[in-house]
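Each ligand, and each atom within it, is numbered from 1 in the order the structure gives.
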Amino acid sequence: MEKSFFKASREGDVSGLRSYRKEGGDINIKEKGSMRSALHYAASRGKLPAVEWLVSKGADVNAKDALRRTPLHEAAAKGRVKISQILITKGADVNVKDFAAHETPLHSAAGQGRNGVVELLLSKGGVVNATDEELQTPLHRSAQGGHVRATQILLSNGGSINIIDKAENAPVHCAAAGDHIEAVKLLLGQGADVFARNKENQSPLDVSGSQSVRKLIRARQKQIDRQIMQHDLLSKDGGVKVNKIKLIVCGDEATGKSTLIGSLCRTGIKAVFTREKHKQAETDARNPTAGVDVGNLTVPNAGEFAIFDFAGQAEYYVTHAMLMHAKLGVYVTVYNITDDVETQTQQLQRWLRMIKAGNADPSFTPKVVLVGSHGDKIDKQKGMSRAAALLRSMREQFRHQLDISTEAFVLDCEVSQSSDMDRLRKHLAFLKQEVLKDQPELPKLCSEIVRKVPGWCKNNIGGGAPVLRWAEYVQAVKEIDPLVKEDFLLKSTEYLNDIAEILLIKTTSSDPIVVLTPPWLCGDVFGPLLAPENFPIDHIERESDDHVTFREISRVFSQTVSPKLLISILREFQICHTYDGQDFIFPSLLHKLPPLREIWKPTKSESVVYFGCQVACKETTDGFSPDFFPRLQTALLKEHPGTFPVKPAIWKDGMIFTDGKSEGLIAMSPDNMACNIVVRNPGGYREYCYYLLERLQKKLSKVLEESSPGTSVVERVLSSRALKEHRNTFYTYDRKEVQEAARENGSLSHPVLQWSERVHDLVVTQEGPNKNTFRLVAKQLRITEWRELGRELGMSDSTLDRLQKDYSGDLRETVYRMLSKWEEGADSSCSEARERLSEALVAVQRRDIADVLMCDEGGADSELVQPQTLQRVAESLQLQDCRKLGRTLGLSDAQQDCIEHRFPHNLAEQQYQILVAWRQQSGSAAYRHTLATALEDIGRLDVAEEIQDDE
Ligand SMILES: Nc1nc2c(ncn2[C@@H]2O[C@H](COP(=O)(O)OP(=O)(O)OP(=O)(O)O)[C@@H](O)[C@H]2O)c(=O)[nH]1
C-alpha cells in the first residue's frame, strides 16, 4: 500500500494519494532506507496538484530524509518555483541545512542555476552567505556551475564576492576552475579579487585550464596593475583630462585610406592637413604609405584625433600588429566598393581578424567603422546596398569580438564636402565621446612628457630620430622637472608605454631605450627595412637573399639613427636576429619554404619516431597576427648555439633545427591559419622527442600570447604515420578523440587516410613515474652488469649495441636510457614494471638494488629536497636560470609570473619562491635527484653536483 502511495506521489496522481489516505494511511510515512516522504517525491518531480493536496492534508513541509534534505531542498534543486513558494508559505524552513554537505536550499538552487528559486528564497529570508560543510556559499556554487544569472542575483542581494571556502577559494576561483568565462567576467567586473590566492597559493589564473579564461584573467590583472600604477602616479602628481583618441585607419593597398584621412580633415577645397610623407620617386603618380603614417589631426565637428594610417602593402603587416591595439581608439577599415564581394570579404576579414588578434582583453570589444571608398564609381543605391550586405555579414561574423558600427558608409574619399563625409565625421564624433566616457586622467608628468615629445623630436635631441637612451631621456625630462626622481620617471614611462604613447624598451644588456613616437619605428624604420624593391622610398638594397648586412642598414639609417641602437631595438622586438652583429636575418624577408620533401628528407634509420602537433585558429574570426611566425622564428634562432648546436635552416614560413638529439620542423600552413610542429628522433628515443616538442609548444604559446593575445587556437595531433611517410600535407587528429581513444582501445582511425594508428605512436609523454627508480639503478649498476640486465629484460643485442654507441662513455646515461626504452615497450603498469625490474636485478645478482626498489614505493632517491637545499640552489642561480629551471620542473610561466608579481622588488625571494612552488606542487615527489637532473638539463652541472654531494 505504501509503495503505491509513493508511486502516486511521484506521478502526481492525486486520486491515488486520496485513496491511500481514505484507507487510513499516514501521509507523513517515510520510505524505508531513503526516509523520503511523499512530499519529497512530489516536490522533486514538480507535481504541483499533489504537493497542494499533501500540504492541505497536513504533510510535514520540514520532513527530513536520510540525508536530512527537506522537500524544499528538492524543489529548489530542480527549480520548482511555485512548489517552493507553497512549501515556504506552509512554514518550510528556508535555511535548513542537510546532513551530507550542510547545504541550504539556496545552495541547491544556486548550484543548479535555478534563478527563479534563488530569487524566491532570497526574498523569503534565505541567508545569502550561508556556508556549507566546505564553507562554500551559494555564490561559490553558482560560480562553479557557471550560472551567470544566478550569480548576478546573489551578488545583487548581498552575496560576498570575495568570501573564501575551506580551501580558501573565492567564488572567482570556482568559476575559473570550471572554465566559465562569462561567470568569471561577471565576477571580475563586480570587483572579485583577481589576485586572490587559495590555500595552495593558486590564483584564479592558476586554477583555470581554459585559454580564453586565462586570457581574461591576465588582462584584468594587467588592468589592475595599470590602475594601481596610475593611482600611484596621480596621487603624487595630479592628473589631466585628455580629449583625444586614436583613429586607426587600415585596409588594403590603394583602397583610399590616406585620401580619406585628408578629406576628413578638410573643410574647404584646400587641405589643412599636410603630413610629411616619406620621400618618394618623382615618377610615382601615387603616394603610397610606407609603414605607418601618423599625425595629430582635427576633424571638423569631431575634434582632435591621433591618426594612424596603416600601409596596405602586405610587407608591412608584420609590424602593424605592434600598433594595432588601442583601447582609447576607433578603427576605420577601408575597402573599395567597386571590388567584387569576394575580394572585399577577404580583405575585411583579414583586417578584422588582425584587430581581434591584437585585443588582449576579452571583456573589451574594439569599435570599428567600415568605409567603402570609390563611391563615385558606382551607382549610389547599388553601392549602399552592397555596403549594407557586407556590413551585415561582418557584424554577424565578429559579433562577439568587435563592435562594428551599424551605419554603412560609401564615400568618394577625394571629396571633403559631401553629406556622406559629414555623416562619417558626426559618427566619429559620437564614437569619440563613447570612448572618452571612461577615459582615466593622464598623470601630470606623463601628460607633460607627451606635450614635450614633438618639441624634443624637432630639436633633434635624439640626433635626428625620436629615440633616446635612458640617460638622454632623463636629461630631457629634467627640463620639465629638474628634481624628477628616476624611479618615479621609470614608473611614469612604463605607464606611457602601457598606453602606447611611447615605447620603453628594457634591454637585457644595457639601460632602457625610449622611442618617443612609436609610429616612427613602423614608418621610418620598418618602412625602409621591409619595403619591396619597387617601392618609391629609400629602401634596403639587399645583396643577399637570406640576410641583410650591417653596411646595408647603415646606408639607409646612419643619417638619422645610430645603426647599432637601431639594431638593438629591432632585436628586442624579435624582428631580426644576428649571430655575429654583421649579417641580419629578417625572417619576414626570406623566401618561402621549398617543397618539404626537398629539405625535410626521410631518414634511413628504421627505428625513427615522429611526433607532431598543429596549433590552428579556432574560429573563422581568428587569425595569427602577421608578426607571430617571424617572432617565433627569431625566438628559436636565439637558441643557437645554446639549445640548437647547429644553425637552424630558415625560410619565410618554415624552419628546421636540431637540438643534437632530435630534429624539429615548424611550418605555417599555406593559408596562415595553422602552425605545424614536427619532431623526430632517428634513434627511436621518444623521450627526446618529448623534450623538444614540449619546448617548441611552450615557445609557440608564449609568442602567440605576445603577438596575438586575442586569437583563440585549438591543438590537434599530427598523424605520425603520415609524417613518417613524408606526405606533402599535414594530417591531423582531434585531440579529444585521441584522448578518448587512449581511454578506450588505444587506437583510432583517420577519417581521410583510412588507416588506424595507435595512441602510443601519436602522443609522447614525459618519462614515466619510474624515472627516479631508473636513476638509482643506473647509479649503482656496474659496467659488467648492464648488458646482462638488458637481456634479462628482453632487450635485443642490437638495441643494446645502439644504446652503447649513442651514449658511449656514459654508463649511467646508457643504463637510464635502456630502462626508459624498456619501460616504453613494456605493456605494464608502473608498479608491475618495478616488480619486473626487481626480478631481473635479482637474476643478475643485484638483490641489493632490488631490495631498495621494492621497499621504497615511490622509487629511489626518495630523499626529499630540504628548504636549505632550495635556498642554496636559489642563491647559486640568476633569475633567468631559475625561471628556466622552474619551467623544466614543470612550473607554468603563469605560476612564475605570479611569483614575480608577489615579490616585485626582491629577486632573491622570487628565485627561492619558484623552487618552493615546485616543492609544494610535487609534494612527496620533490626529490633531490629530480632537482639535480633539472639543473643538469639547464646546463648547471656545477649546482647539480653540489646538491648531489649533500647525500
Ligand atoms: N575616384 C576615387 N579615387 C579614390 C578614392 N579614394 C582614393 N582614390 C584614389 O586611389 C588612389 C589610392 O589612394 P590612397 O589614399 O593613396 O590609398 P591608400 O589606401 O592610402 O594606399 P596605401 O598607402 O598604399 O595603403 C589615389 O590615387 C586616390 O586618389 C575615391 O573614393 N574615389
Do the side chains of [X] and [Y] get close enough for a salt bridge, i.e. N-O under 4.0 angstrom?
| X | Y | answer |
| --- | --- | --- |
| Arg631 | Asp627 | yes |
| Lys380 | Asp420 | yes |
| Arg469 | Glu472 | no |

Where ligand 1 meets [X] - atom numbers and elements under 4.0 angstrom, heavy-atom basis:
| X | answer |
| --- | --- |
| Leu411 | 31 (O) |
| Asp412 | 30 (C), 31 (O), 32 (N) |
| Cys413 | 6 (N), 30 (C), 31 (O) |
| Asp376 | 1 (N), 2 (C), 30 (C), 31 (O), 32 (N) |
| Ser258 | 15 (O), 18 (P), 20 (O) |
| Lys257 | 15 (O), 17 (O), 18 (P), 19 (O), 20 (O), 21 (O), 22 (P), 25 (O) |

**Asked** What pairs with Lys426 under salt bridge (Lys or Arg N to Asp or Glu O under 4.0 Å), at least two apart in sequence or on another chain?
**Response**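 Scan of Lys426 (salt bridge (Lys or Arg N to Asp or Glu O under 4.0 Å), adjacent residues dropped) gives none.
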**Message:** Any heavy-atom pair between the side chains of Ser405 and His427 that's under 4.5 Å?
**Reply:** yes
**Message:** Apply side-chain contact (heavy atoms from CB on, under 4.5 Å) to residues Asn672 and Phe624 and explain how you reach the verdict.
**Reply:** CA-CA 7 Å; Asn672 267 324; Phe624 292 115; 5.7 Å; no
**Prompt:** Judging by distance only, is a nitrogen or oxygen of Leu260 under 3.5 angstrom from one on ligand 1?
**Reply:**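 Looking only at distances, the answer is no, because the N/O contact criterion of under 3.5 Å is not met.
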**Prompt:** So is Ser373 polar-close to ligand 1, meaning N/O to N/O under 3.5 Å?
**Reply:**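 By distance alone, the answer is no.
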**Request:** Could you establish whether Ala254 and ligand 1 come within less than 4.0 Å of each other, counting only heavy atoms on the residue side?
**Result:** yes
**Message:** Could you check whether Lys432 makes a cation-pi contact with Phe305, meaning its NZ or CZ is under 6.0 Å from the centre of the six-membered ring and within 45° of the ring axis?
**Reply:**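 Ring-cation test returns yes.
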